[in-house]
Structures are given as C-alpha cells and as structure tokens.
Participant: 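Structure below; questions to follow.
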Amino acid sequence: MAKGQIAIVGMDTVGISIALSLKRALPESNLVIVDRSGGRLREAGKFAKFEQTATNITSGCRGAALIILNVLPSQLREAFTLIGPQVIEDVVVLVLAPVAVAADAWAAELLPQSAHFMSCHLVLHPEQAARTQPDADLFHGAVLCMQPTPQTDGGVIKIGGDLARALGARPYYLSAAELDGMLAGVEGLPYLLSALGALTAMQSEAWPELSVVAGPLFAQITQPLLEPQYAQGAGVQLNRAEVLRWLDVFQANLRDVRRVIEAGQAQEISKIFEELEHKRIEWLNSRPIRAWTDADSLPPSGMDYQRLNPLLPHWGVKK
C-alpha cells in the first residue's frame with residue numbers, strides 16, 4: 001500500500017467499510033475520510049475514530065499519497081476537476097465506479113501527468129450486498145476489478161492488489177472496455193429491466209388495483225431502481241453503447257421465449273427455467289463469503305488465468 005496519507009472520498013456503506021478495513025489492516029496509517037455530508041462523516045465516526053475528516057474534497061485530498069474516490073458516476077468528473085489542480089506529484093488515484101472507459105477519459109483530461117490513475121470496480125458478494133451496516137468484513141467474498149492500461153505504472157497495480165488483500169477481496173484485472181461490456185450485461189441490463197417492469201405496471205391505468213396485489217416478487221424486481229450507482233439512469237447512459245448491445249441480445253431472447261409460451265410448449269418452458277435455476281445455484285455456490293486468499297484467487301482446474309500479465313489484450317479468465 002502507498003506510504004503517507006490516504007484519503008477516502010464518499011462515506012456510504014462501502015466507503016465507511018473501506019475505511020474500517022484499512023484502519024484494521026494498516027493501524028498506523030494516516031486516514032482521512034471525506035464526504036460533503038457532515039451527517040455521513042458523523043455516521044462513520046460511530047464505527048471508528050478517524051483523526052481527520054473533511055467535507056471539502058479539495059482540502060480533504062490535499063497532500064494525500066493515495067486517493068480512493070468512491071463517488072457516484074454522475075459526480076466523478078466534478079471530483080477530478082476539484083482535485084486535479086492540487087494533488088501532489090506521483091499521487092495514486094483509484095476510482096471505484098461501474099464506468100471504466102469514461103473514468104479513464106476524464107482522468108486523462110483532468111488529472112496532471114504526474115498523477116497515477118487506475119479505474120476499479122468493487123463487486124460485493126450477492127448476500128453481503130444486502131447489508132446496510134458498514135463492516136470491515138463487508139468485502140469478504142467480493143471481487144476488486146482493476147483496469148490497468150499499458151501506461152499504468154507497475155507500482156500502481158501493486159497498490160491495487162494490496163488494497164484488494166486489505167479488504168479481503170479477490171483481485172481481478174481486465175481492460176476498461178472489457179469491464180464496461182461485462183457490467184452492461186450483469187448490472188446495466190438488470191437495472192433497465194427493473195425500470196421496465198416498474199414502468200409497465202405503474203403506468204397502467206389499473207395501477208391502483210395492481211398496487212394492492214403487488215408483493216415481494218414485484219418489490220424484488222424493482223429493487224435495482226434504488227441502486228445509487230445507476231441513479232436516474234446515469235450509469236446506463238455513460239455506458240450506453242455496451243448496454244444497447246445487451247438490449248439487442250435480450251430482445252432476441254424475449255422473442256424466442258414469447259414464441260415458446262405462445263405455442264404452449266410447457267415442457268420446453270420447464271426445461272429453460274430448470275436450467276436457469278441450476279446455473280443460478282451453481283453461480284452462488286461458487287462464491288463463498290469469506291476473505292479471499294492468494295490460493296482462492298487461482299482459477300478452477302482447466303482455466304487459464306493470466307494473473308501475472310494483466311496488460312495483455314482481453315486479459316482475464318478464459319477457457
């Protein structure tokens with residue numbers, strides 16, 4: 001991990017949990033927690049004592065050797081604009097955001113050439129993500145995706161790996177374009193489907209009656225609308241080209257399933273859903289809720305995980 005002052009910007013559940021994890025892993029570190037909301041800073045103070053706090057991002061990040069930006073995608077460009085003119089030489093800036101290509105472009109435009117930048121994305125374990133209380137163990141079973149470029153300094157990649165280990169998360173390296181393409185399918189598309197489900201029911205003239213019988217299933221399918229990283233569609237809009245590709249695939253699948261239902265092919269429908277249920281259980285069972293170790297981070301047998309060469313094109317897990 002970088003020596004010197006560490007500034008963590010954004011004190012939501014994830015931000016506070018990062019601060020708690022680093023305070024535990026690096027008890028002698030000089031941590032500064034930053035958030036525009038004094039209420040959020042006071043909330044963080046309920047879980048641990050932090051020597052330095054700041055409501056101003058410019059002053060909070062001044063002098064920091066490592067800055068972790070945990071802000072909404074809609075606020076990221078402004079954050080770069082504010083810290084860019086006053087960061088120290090050789091500062092390392094890690095951004096946690098579900099839009100890597102846009103983050104890279106803004107960093108190149110607004111941070112000085114002496115700054116070292118790498119976009120990242122934290123993927124919480126599905127069961128851990130339901131927790132609302134900050135906890136140093138929140139990231140057990142999580143994956144820290146990191147998107148180095150050919151110009152990224154090796155020391156920055158090491159700092160990212162050190163951060164993953166401090167959090168108890170699995171480090172996973174891939175390119176910015178790859179991450180955006182993946183997240184469009186497993187985050188952007190579900191967010192849109194949630195919105196479309198809500199739109200279909202809530203804009204119906206029968207919504208007053210529908211609202212009476214809408215229950216847990218409707219609440220679950222509309223829950224993604226509350227995801228702050230995609231609030232008001234910002235995360236989708238910033239990654240719209242990739243989201244549109246996944247929408248095309250979804251529309252093709254929707255037409256196929258509609259034809260099967262229309263034809264009354266009950267056996268085929270049962271087969272589709274049985275296979276999907278099996279794959280979902282298999283996916284969840286492969287994600288233990290515990291701190292990742294280096295051994296855990298190795299790929300399953302028969303997989304090629306080019307862990308030591310993250311700068312290759314299409315780097316990642318390949319069959």
Side-chain angles (χ1 to χ4, degrees), residues 1-11 14-15 18-19 21-35 50-71 73 75-97 99-122 139 144-167 169 171-176 179 307-312 315:
M1 192 69 71
K3 296 180 180 179
Q5 182 173 297
I6 301 173
I8 305 171
V9 181
M11 289 295 107
V14 168
I18 291 173
S21 295
L22 293 185
K23 192 172 181 66
R24 182 175 64 184
L26 304 167
E28 303 303 319
S29 62
N30 181 13
L31 281 179
V32 183
I33 60 172
V34 184
D35 198 288
F50 297 98
E51 289 71 20
Q52 297 187 59
T53 65
T55 56
N56 184 289
I57 186 174
T58 304
S59 60
C61 293
R62 185 176 292 121
L66 171 63
I67 299 172
I68 300 173
L69 289 178
N70 172 49
V71 300
Q75 300 170 350
L76 187 53
R77 183 181 177 86
E78 180 188 9
F80 283 137
T81 301
L82 291 173
I83 69 172
Q86 53 83 44
V87 293
I88 65 173
E89 188 173 357
D90 287 329
V91 64
V92 174
V93 181
L94 302 181
V95 167
L96 303 178
V99 283
V101 171
D104 283 357
W106 291 334
E109 176 189 352
L110 299 168
L111 293 181
Q113 291 187 351
S114 62
H116 303 286
F117 168 81
M118 185 166 66
S119 59
C120 307
H121 180 59
L122 260 172
F139 309 106
L144 179 62
C145 300
M146 291 172 276
Q147 294 79 61
T149 69
Q151 290 75 42
T152 304
D153 185 89
V156 178
I157 297 174
K158 181 182 184 302
I159 288 173
D162 290 344
L163 174 62
R165 282 182 282 277
L167 299 179
Y172 183 59
Y173 302 88
L174 65 169
S175 74
L179 181 72
R307 186 172 182 183
L308 299 180
N309 197 355
L311 303 184
L312 288 176
W315 188 92

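Given the structure is predicted, the values throughout are model-derived calculations rather than measurements. FYI, the numbering just counts along the sequence from 1.
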Participant: Side chains of Val99 and Leu179: closer than 4.5 Å at any heavy-atom pair?
Facilitator: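 Not touching, per the 4.5 Å side-chain cut-off.
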Participant: For residues Asp90 and His116, determine if any side-chain heavy atom of one lies less than 4.5 Å from a side-chain heavy atom of the other.
Facilitator: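 Yes, their side chains come closer than 4.5 Å.
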Participant: Measure across Ser29 and Leu22 and return the closest heavy-atom pair with its distance rounded to 0.1 Å.
Facilitator: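 For Ser29 versus Leu22, the nearest heavy atoms are OG-O, 4.3 Å.
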Participant: Say you draw a straight line from CZ of Phe50 to CG of Leu31; how long is it, rounded to the nearest 0.5 Å?
Facilitator: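 Nearest 0.5 Å value for the CZ-CG distance: 6.5 Å.
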Participant: Minimum heavy-atom separation for Gln147 to Ala100, with atom names?
Facilitator: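 For Gln147 and Ala100, the tightest heavy-atom pair comes out as OE1-CB, 3.9 Å.
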Participant: Going through the checks in order, is the side chain to side chain contact (heavy atoms under 4.5 Å, CB included) test met by Leu69 and Ile57?
Facilitator: CA-CA 10 Å; Leu69 289 178; Ile57 186 174; 4.2 Å; yes
Participant: Is there side-chain contact between Cys145 and Leu174, with heavy atoms separated by less than 4.5 Å?
Facilitator: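 Yes, at least one pair of side-chain atoms sits under 4.5 Å.
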Participant: Step by step, work out the side chain to side chain contact (heavy atoms under 4.5 Å, CB included) result for Gln86 and Thr58.
Facilitator: CA-CA 7 Å; Gln86 53 83 44; Thr58 304; 3.7 Å; yes
Participant: Within this structure, what is the CG-SG distance for the pair Leu82 and Cys61, rounded to the nearest 0.5 Å?
Facilitator: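 Atom-to-atom, Leu82:CG and Cys61:SG are 9.0 Å apart.
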Participant: Can you give me the closest heavy-atom contact between Leu167 and Ile18, atom names plus distance?
Facilitator: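 Closest approach of Leu167 to Ile18: CD2-CA, 4.2 Å.
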Participant: Check the pair Leu96, Ile68 against side chain to side chain contact (heavy atoms under 4.5 Å, CB included), reporting the backbone distance first and the verdict last.
Facilitator: CA-CA 7 Å; Leu96 303 178; Ile68 300 173; 4.1 Å; yes
Participant: By the salt bridge (charged side-chain N to carboxylate O under 4.0 Å, His left out) test, which pairs, at least two apart or in different chains, include something from residues 100-120?
Facilitator: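 Qualifying pairs: Arg77-Glu109.
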Participant: Could you tell me the separation between the CG atom of Leu110 and the CG atom of Leu76, rounded to the nearest 0.5 Å?
Facilitator: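 One finds 9.5 Å between CG of Leu110 and CG of Leu76.
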Participant: Are any non-hydrogen side-chain atoms of Ile159 and Leu66 less than 4.5 angstrom apart?
Facilitator: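 Of all side-chain heavy-atom pairs linking Leu66 with Ile159, at least one is under 4.5 Å.
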Participant: I'd like to know if the side chain of Asn70 and the backbone of Gly10 have a donor-acceptor N/O pair within less than 3.5 Å.
Facilitator: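 Checking the backbone N and O of Gly10 against the side chain of Asn70, a donor-acceptor pair under 3.5 Å is found.
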Participant: How many angstroms lie between CG in Leu111 and CH2 in Trp106, if you round to the nearest 0.5 Å?
Facilitator: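 These two atoms lie 12.5 Å from each other.
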Participant: At their closest point, which heavy atom of Val87 faces which heavy atom of Pro112, and how far apart are they?
Facilitator: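 Minimum heavy-atom separation between Val87 and Pro112: CG2-CG, 3.6 Å.
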Participant: As a quick check of understanding, evaluate side chain to side chain contact (heavy atoms under 4.5 Å, CB included) for Ile157 and Thr152, giving each step before the final call.
Facilitator: CA-CA 7 Å; Ile157 297 174; Thr152 304; 3.9 Å; yes
Participant: Using a 4.5 Å cut-off on heavy atoms from C-beta on, say whether the side chain of Cys120 contacts that of Val95.
Facilitator: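 They are not in contact (no side-chain heavy atoms under 4.5 Å apart), so the answer is no.
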Participant: Under a 4.5 Å cut-off applied to non-hydrogen side-chain atoms, are Thr53 and Val32 in contact?
Facilitator: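 Not in contact.
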Participant: Could you go step by step and tell me if Gln52 and Asn30 meet the side chain to side chain donor-acceptor pair (under 3.5 Å) rule?
Facilitator: CA-CA 8 Å; Gln52 297 187 59; Asn30 181 13; 2.9 Å; yes
Participant: How long is the span from the CD1 atom in Ile67 to the CD atom in Gln5, to the nearest 0.5 Å?
Facilitator: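 Atom-to-atom, Ile67:CD1 and Gln5:CD are 9.0 Å apart.
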Participant: Just jot down the side chain to side chain donor-acceptor pair (under 3.5 Å) partners of Arg62, sequence neighbours excluded, or say none.
Facilitator: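 Partners of Arg62 by the side chain to side chain donor-acceptor pair (under 3.5 Å) criterion come out as none, since no residue qualifies.
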Participant: Which atom pair, heavy atoms only, marks the closest approach of Ala169 to Leu144?
Facilitator: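 Smallest interatomic distance, heavy atoms only, reads CB-N, 4.2 Å.
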Participant: With rounding to the nearest 0.5 Å, note down the distance linking CD1 in Ile83 to OG in Ser59.
Facilitator: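 Answer for the CD1-OG pair, Ile83 versus Ser59, is 12.5 Å.
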Participant: Do you know the tightest heavy-atom contact between Glu89 and Ser114?
Facilitator: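 It is CG-CB, 3.7 Å.
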